[in-house]
Q: 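Please read through the structure below; I'll follow up with questions.
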Amino acid sequence: MRTGFTPEQEEFRVEVAGWLDEQLSGPFAAIRNLSSMSAMIPERRAWETALGEAGWSAIGWPEQYGGRGANIAEQVIFAEEYARAGAPGRIGHIGVTLAGPTLIHFGSEEQKRRFLPPILKGEELWAQGYSEPNAGSDLSNIRTKARLDDGPNGPEWVIEGQKIWTSLAQHAQWIFVLCRTEEGSVGPKGLSFLLVPLDQPGVTLRPIRQMTGDAEFNETFFDGARTAAANVVGQPGEGWKVAMGLLSHERGASSLAIQMTFRNELQKVIDAANANGAAQDPLIRQRIATAHAGLKLMRFNALRTLSKGDNEMLSREAFIHKIYWGTWHKKLGELAMDVMGAPGLIAPGPDYAFDVLPHLYLYTRSETIHGGTNQIQRNIIAERGLGLPREPRG
Amino acid sequence: MQFTFSEEETLLQQSVSGFLASHAGSAAIRKAMEDDGAGYDPALWRATMDEMGLGGIALPPRHGGAEMGQVGLAIVMMEMGRVLLPSPYFSSVGMAAQAIALAGTDAQQDALLPGIVSGETIAAMAWRGTGRGQAPAARLDDGLRLTGAAGFVPFGHAADLLVVAAQRDGGGIALAALPADMPGIAVERHVSMDLTRPLSTVRFDNVALLQEHVLGSGGDASAALARTLDLARIALAAEQAGGAEAVLDLTVAYTKDRVQFGRPIGSFQALKHRMADMMVEVETARTAAYYSACIVDEGSDELEEAAAIAASYCSEAFMDCAGNAIQLHGGIGFTWEHDAHLYFKRARADAVLLDDAASQRERIAGMIGLERAA
């Protein structure tokens, strides 16, 4: 058991850091240390292309699909250096971390050839179509429907329904949609995983303004939207299996990149506490120390899971990551406000747009909700991690 | 980076766990703790040291050790913590031997460590005073006379060898290793809340030391003492993680079995969500115990930070899980007959033995640059 890296791995770290620094000091200096996910979209698309062309977009993918077949240690190193360099949040992350791995695992050879290269080069961005107004925690209660229809371009899926919380859909070209393709089916049966182009008359987006004031999420309406019959991943009716397989990819090395962001935020809290004297307060000191310890342990929790490799059965600690980081981050937001005191209440300018720490306080309320609420996470931990009896279902 | 067991580590874990499963069940533990005797099972002690060779798990072969480092020690402590083994192992191997290895000259190490490794010598560490604080209270004068008292010495009553921390009259700390039967030493065994690890007070009444008793070649041993305590915190963190895991296992098994309102109580969210939170703590405590042990073996300069993180996290995780275990068991969990209280008491004892979680967090606060009033 060891936490350190080998000399070869450290060499890899130098290579990664060197490339990132060269790019982010040169052609991409404008997007270094960018904190907003919704700003400078064209520059960030160019950044995706640069990553793809240099082979850094998805190093964990197999070489035949444009990755480097990087092992876990290398993925960890890349994620850490990426965040350390102040590289911007990946506007292509839904494609790179969700759609791509799903296609690699469940897609046909033809689908892989069609969809993977533009994901790697940022030419096509993806959105995720899972949740619906009545399918939140109870995700399998999906009502969006699709049926096969002969159109002018051959057989096509025709989709009716509504998805919600589709983040970054306003910038994306494609969305994967989990929808009901068997009439009268209920629950996880009869669902299919469809790939649907967004730019068409049957798709309407409506941004949702969040409590932060931003509008990162959307409602996406499908009103006779169409996609080719071949754009189903896995067999029709087996969409639930594909979707659940996709969720298991979310535990990847990408979580380590968020942690570097967390580290920067925690440092801002420490700096603020030193600057305004809150650091003298013994209770604040305790809470900041707790946050620091919690973040360190988050990293090693992730390394433990990652060290087990992709092909092994998930051991039970893999179930804790979501609730752990979501809860940690929310507490950091609360701590940040307690450190700032009343000055944290004032926006710097005329818009409802706050500085990093007050924004963090507001934003993190979503993180114990999206991607499975803390309450659902506890059900999963209790049932799958501890083998406790399942919830009765209505 | 390979943050999972090596093959050798897996084998160690399996063999210790198998050995304890067959030799250290609840009945055996209760017998050891409730007897007026040694407070541990001497035959089992010899077997853990002799047969299993656990005494030198972290030490180099020169002392008869297995050189499996702090990670090896963590593996053993975690398994012992799972079953609450009443044993001088932690005080002898996890504390005293570490102090001798850190502070002793080669000659002192060669003289003292093989006995501890084989289990023939039981050593105990007497480092703190008899009050709330952790600072050594015994004094060593320039004529090598030792006076004062050390409190909360785990298995002090069973010790053949005492490693004593004392304030030197001239300033600094001395660490001394002395036979427990030297004239002027009196050991008083107390009734301790945690009966599985009895505590003693050791009094020194003008004990005349020889130079050879003082570890090292005469310098200040403050750094060696601090390092010893950090290594002990890291070892104890593993015990805490093991204990937390064991109480969670007990609770899960009970709540699957116990039926009220026509359902196993483990199917109610009010209970299962609490157990889910316990699992988050248990898994993170394991992570803390093993990461901090790795940091020691890798010679990283983050050792102090890792010790403070592991100690503060694992102390609270174990206390929280043990408290929840009593609550989720209901009335049976409050009885002497059930093991839940044994874990609850060990958790409390572990949490204050080497300074509490808040003190460790205050250390972290200093390390991460939180400024203090001038």
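Lettering of chains follows the sequences in order, A, B, ..., and the numbering in each one begins at 1.
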Q: Would you call the rings of Y291(B) and F300(A) parallel, tilted or perpendicular, taking 30° and 60° as the class edges?
A: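 Because their plane-to-plane angle is under 30°, the rings of Y291(B) and F300(A) count as parallel.
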
Q: Please output the residues of residues 274-284 of chain B in contact with chain A, using a heavy-atom cutoff of under 4.5 Å, in numerical order.
A: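 From residues 274-284 of chain B, the residues near chain A are M275(B), A276(B), D277(B), M279(B), V280(B), V282(B), E283(B), T284(B).
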
Q: If I take atom CD from residue E8(B) and atom CE from residue M1(A), how far apart are they, to the nearest 0.5 angstrom?
A: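 One gets 13.0 Å once the value is rounded to the nearest 0.5 Å.
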
Q: When rounded to the nearest 0.5 angstrom, what is the spacing between CG in L370(B) and CD1 in I284(A)?
A: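 If we round to the nearest 0.5 Å, L370(B):CG and I284(A):CD1 are 9.5 Å apart.
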
Q: Once salt bridge (Lys or Arg N to Asp or Glu O under 4.0 Å) is applied, do any residues pair with E79(B), and if so which ones, sequence neighbours excluded?
A: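 In terms of salt bridge (Lys or Arg N to Asp or Glu O under 4.0 Å), with neighbours along the sequence ignored, E79(B) is linked to no residue.
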
Q: Does any heavy atom of chain A fall under 4.5 Å from the side chain of E362(B), the backbone, both, or neither of them?
A: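 Contact with chain A is through both the backbone and side chain of E362(B).
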
Q: With a 6.0 Å cut-off (strictly less than), is the heavy-atom count around OH of Y361(A), excluding the residue itself, greater than 12?
A: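 Count not over threshold, so no.
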
Q: Determine whether E317(A) and T287(B) make a side-chain contact, defined as any pair of heavy atoms from C-beta on separated by less than 4.5 Å.
A: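 Answer no - side chains too far apart.
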
Q: Please report the closest heavy-atom contact between A289(A) and A365(B), naming both atoms and the distance.
A: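 Where A289(A) meets A365(B) most closely, the heavy atoms are CB-N, 4.0 Å.
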
Q: Going by the rule salt bridge (Lys or Arg N to Asp or Glu O under 4.0 Å), which residues pair with R82(B) if we only count those two or more places apart in sequence or in a different chain?
A: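 For R82(B) the salt bridge (Lys or Arg N to Asp or Glu O under 4.0 Å) partners, ignoring immediate neighbours, are E245(B), D249(B).
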
Q: Atom CZ of R2(A) and atom CD1 of I295(B): how far apart are they, to the nearest 0.5 Å?
A: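 Here the rounded value is 13.5 Å.
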
Q: Sort out for me which of R285(A), Q267(A), H292(A) touches chain B most, counting heavy-atom pairs under 4.5 Å.
A: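 That would be R285(A).
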
Q: Nearest 0.5 angstrom please: Q2(B) CD to L303(A) CG, how far?
A: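 Nearest 0.5 Å value for the CD-CG distance: 10.5 Å.
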
Q: More than 12 foreign heavy atoms under 6.0 Å from CZ of R13(A): is that the case here?
A: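 Atom CZ in R13(A) is crowded, with more than 12 foreign heavy atoms closer than 6.0 Å.
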
Q: Just to be sure I understand the criterion: a residue of residues 252-262 of chain B counts if one of its heavy atoms is under 4.5 Å from a heavy atom of chain A. Which ones qualify?
A: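 The residues closer than 4.5 Å to chain A, in numerical order, are V252(B), T255(B), K256(B).
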
Q: Go through the atoms of Y313(B) and report whether side chain, backbone, both or neither lie under 4.5 Å from a heavy atom of chain A.
A: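 Interface part for Y313(B): side chain.
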
Q: Just wondering, are more than 12 heavy atoms of other shown residues or ligands nearer than 6.0 Å to CD in Q375(A)?
A: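 For Q375(A), atom CD is crowded (more than 12 foreign heavy atoms under 6.0 Å).
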
Q: Let me know if R263(B) has heavy atoms under 4.5 Å from chain A in its side chain, its backbone, both or neither.
A: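 R263(B) touches chain A through side-chain heavy atoms alone.
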
Q: Where on R390(A) is there a heavy atom nearer than 4.5 Å to chain B: the side chain, the backbone, both, or neither?
A: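 It is the backbone, since no side chain atom gets that close.
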
Q: How many angstroms lie between atom NZ of K272(B) and atom CG of N379(A), to the nearest 0.5 angstrom?
A: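 If I round to the nearest 0.5 Å, the distance is 5.0 Å.
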
Q: Checking Q286(A) against chain B: side chain, backbone, both or neither under 4.5 Å from a heavy atom?
A: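 For Q286(A), the contact with chain B is made by backbone and side chain together.
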
Q: More than 12 heavy atoms of other residues, nucleotides or ligands under 6.0 Å from OH of Y343(B): yes or no?
A: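 Yes, because the 6.0 Å sphere around OH of Y343(B) holds more than 12 heavy atoms from other groups.
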
Q: Check the surroundings of atom CD in E304(B): do more than 12 heavy atoms from other residues, nucleotides or ligands lie under 6.0 Å from it?
A: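 No.
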
Q: Is R84(A) atom CZ crowded by more than 12 heavy atoms from other residues, nucleotides or ligands, each under 6.0 Å away?
A: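 Yes, CZ of R84(A) has more than 12 neighbouring heavy atoms, counting only those of other groups under 6.0 Å.
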
Q: Between I323(A), N71(A), T290(A), which shows the greatest number of heavy-atom pairs under 4.5 Å with chain B?
A: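 Of I323(A), N71(A), T290(A), T290(A) has the most heavy-atom pairs under 4.5 Å with chain B.
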
Q: Taking atom CG of L388(A) and atom CG of L271(B), what is their separation to the nearest 0.5 Å?
A: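 Spacing of CG (L388(A)) from CG (L271(B)) equals 9.0 Å.
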
Q: Checking E371(B) side chain against Q280(A) main chain: does a donor-acceptor pair fall under 3.5 Å?
A: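 No; zero donor-acceptor contacts below 3.5 Å.
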
Q: Keeping the roles fixed (side chain from K296(A), backbone from A288(B)), state whether a donor-acceptor pair exists under 3.5 Å.
A: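 It does not hold such a pair.
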
